[in-house]
Amino acid sequence: MHETTRTSWTPMIGLFLAQVLMSFNVAALPISLGGMVEDFSVPPTVASSTIVVYGLAVAALVMTGAKLGQRVGWTLIFRCVLAVFAASSLTMILAPTITWAIIGQLLAGAAAAIIVPALVALIAENYRGPQQATAVGSLGSARAFSGVSAFLIGGTLGTFVGWRPIFGITLALAIAVFVLSFTLRSDRGNPSIRIDLVASALIGGAVVALTLGFNNLNGWGVLFAEDAAPLSVLGLSPAPVLVVIGLVLGQLFFVWTRRRTARGRVPLVDLSVLGSGQERSAVYAMFIIVTMEAAVNFTVPIYIQVVQGRTPLDTSLAMMPFNLTVFVTATLIVRFYGRFAPRTIALFSFALTTVALIWLSAVVTNNWETLPTILGLIVFGIGQGALVTLVFNVLVTAAPKHLAGDVGSIRGTTQNLASAVGTAVMGAVLVMVLGVGVGRAVVDHPELPDELVAQVDLDQVNFVSNDELGEVLGRTTATDEQVEAAVALNEEQRLRTLKTGFLILAGISAVAALPASRLPKYVPGDIPDPEEI
């Protein structure tokens, strides 16, 4: 291997803060859910659409965004989309309805669809060898740092001021990164690059169909159409139909891209970056990692704010051990690359996340500040922080510099689709498990007679606080004893549902050992230079 020249770290400041901008925005959304639910008078699942639509926009547009960056020039388009991100922050601050908040996150997602591959392309342009690994690791630590700061600062603002000022921070970050972008090396782009619109439509359609399908499995029906479904397909729910359509469109995208490449034409994304089983395994592992993280970041804030009726600051304190551990681990894990192979680190980290989730399912209670719960979140954070940096570094290391934008687009599609799916599926699964549990418990509960149960719509069971449940039962013929019994049942079933959710995530984490076992065995001294292969 040839010697690499050390480069100034100054250009990384703007890139680091750009990652902070995107990640702070994502981390701020769960904290803001309680405020949006109250401000806009919508259910938690509707408010969480802001999270889903952001991930949806990034995942659907990131491959097209990568090609736009190559055509226009990364530095110029980077500045343009920072202005769009600033506009999205203003929209969140001024949003009069939940629709405007969703539009704000749609704009943020569209901007991030270009920022994500831009970060990878600019790192690959400026850094090589050990510096590149450190730079890639800094993106992981920036992501985790954003989680910590968002939960701490956002939680404090959300408690004492309101959720809207949280997005004043993203506005300030967008302006700061725009100014710092003028320190980046300028590039002219390549106007000869043509964007494959067919492939763009196929992958965009696949992502939209998959996300909408998964997000509405509970509301529209897992198999047969429920009353809330906008339509039925021969009696079937449109949700699973959309999932199937998404899978088909995804396969058509790969078929079309391979055919276009075989004809010597430039594809939307160069599939050679997924040419080996190791690289594909890194993508599968990344999808599982981000899915688990999104599920935890959705479940805990919803439970604390909506169910327990506690403040955003309480949420930030409860999530602090997890986010702080992810930040520290993502920063320090690079130091272990010289001693352990990616496969070893990944298998050990997935073992940690699996054990931590099983532990949490056993010890979690209605009080999140217990030492066993904190220890579980810390262990999960160690595994999560190590994994999110590791698998990304495997992809970047394996690809030539000129394909860095393609690696970035695959990273963006994978992470944001996983985030949207993780949030949507976890919400659907928890509500489904809660509904089944409440339905069974009501039947076996002698204090709740059939005539009272008939006055409550059990088909619309959702996570509600004890106060909200009391208000609903106050409009029925329930006696004080019956209300007390219903509240006790609700508390019991909510906690059982939460434990079940952690167990489901533990199963997903254990399955991740399969792709992790196919990651590379090499240590940095053995890494081949992709440009010389």
Side-chain angles (χ1 to χ4, degrees), residues 1 4 19 62 66 116-117 119-121 123-124 127-144 269-293 326 329-353 382-415 417-418 509 512-533:
M1 289 179 59
T4 55
Q19 180 66 61
V62 69
V116 168
L119 294 180
V120 184
I123 284 178
Y127 303 103
R128 303 293 294 162
Q131 274 195 295
Q132 186 184 85
T134 303
V136 169
S138 75
L139 293 186
S141 61
R143 193 166 172 266
V269 63
D270 194 324
L271 295 180
S272 66
V273 298
L274 299 176
S276 72
Q278 293 177 343
E279 291 157 350
R280 289 192 294 273
S281 295
V283 172
Y284 299 148
M286 183 183 294
F287 188 91
I288 294 172
I289 294 160
V290 178
T291 297
M292 291 192 301
E293 183 181 29
V326 171
T329 308
T331 304
L332 298 180
I333 191 62
V334 177
R335 298 176 181 269
F336 291 88
Y337 290 175
R339 299 174 59 191
F340 302 100
R343 180 180 302 183
T344 303
I345 297 174
L347 287 173
F348 179 75
S349 299
F350 273 121
L352 282 181
T353 56
I382 292 173
Q384 188 78 21
L387 288 165
V388 76
T389 301
L390 173 73
V391 294
F392 182 30
N393 193 62
V394 169
L395 284 173
V396 174
T397 302
K401 184 174 67 176
H402 69 277
L403 294 180
D406 295 87
V407 172
S409 68
I410 289 173
R411 173 214 180 198
T413 302
T414 303
Q415 286 192 335
L417 179 59
S509 179
L514 294 175
S517 66
R518 299 193 64 190
L519 290 176
K521 296 180 180 178
Y522 56 65
V523 293
D526 303 324
I527 298 176
D529 188 337
E531 301 289 354
E532 298 175 355
I533 297 176

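Values below: all heavy atoms of this structure, side chains included; hydrogens, waters and symmetry mates excluded.
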Point to revise | Polar side-chain atom of Thr413 near backbone of Ile410 as donor-acceptor pair, under 3.5 Å | key: no
Check your understanding: Is any side-chain heavy atom of Leu390 less than 4.5 Å from a side-chain heavy atom of Ser349?
Key -> no
Exercise for review: Might you point out which heavy atoms bring Ser272 and Asp270 nearest each other, and give the distance in Å?
Suggested key: OG-OD1, 2.7 Å
Point to revise | Closest non-hydrogen atom pair between Ala386 and Thr329, with its separation | key: N-CG2, 3.5 Å
**Study point:** Interatomic spacing from CE in Met292 to OG1 in Thr353 - rounded to 0.5 Å
**Key:** 4.0 Å
Check your understanding: Can you name the closest pair of heavy atoms from Ala285 and Val391 and give their distance?
Key -> CB-CG1, 3.9 Å
Revision key, fill the gap. Smallest heavy-atom separation, Leu347 atom then Ser517 atom, equals CD2-N, 4.0 Å
Review point. Between Gln384 and Ile289, does a side-chain contact (heavy atoms from CB on, under 4.5 Å) hold up when you go through it step by step?
Key: CA-CA 7 Å; Gln384 188 78 21; Ile289 294 160; 3.1 Å; yes
Review point. To the nearest 0.5 Å, what is the distance between CD (Glu279) and CG (Leu271)?
Key: 11.5 Å
Point to revise | Which atom of Ala418 lies closest to which atom of Phe287, heavy atoms considered | key: CB-O, 3.4 Å
Check your understanding: Any donor and acceptor pair, going by atom type alone, linking the side chain of Ser281 with main-chain N or O of Ala516 inside 3.5 Å?
Key -> no
Practice item. Quick one: closest heavy-atom pair of Leu519 and Ala346, and the distance? Key: CD1-CB, 3.4 Å
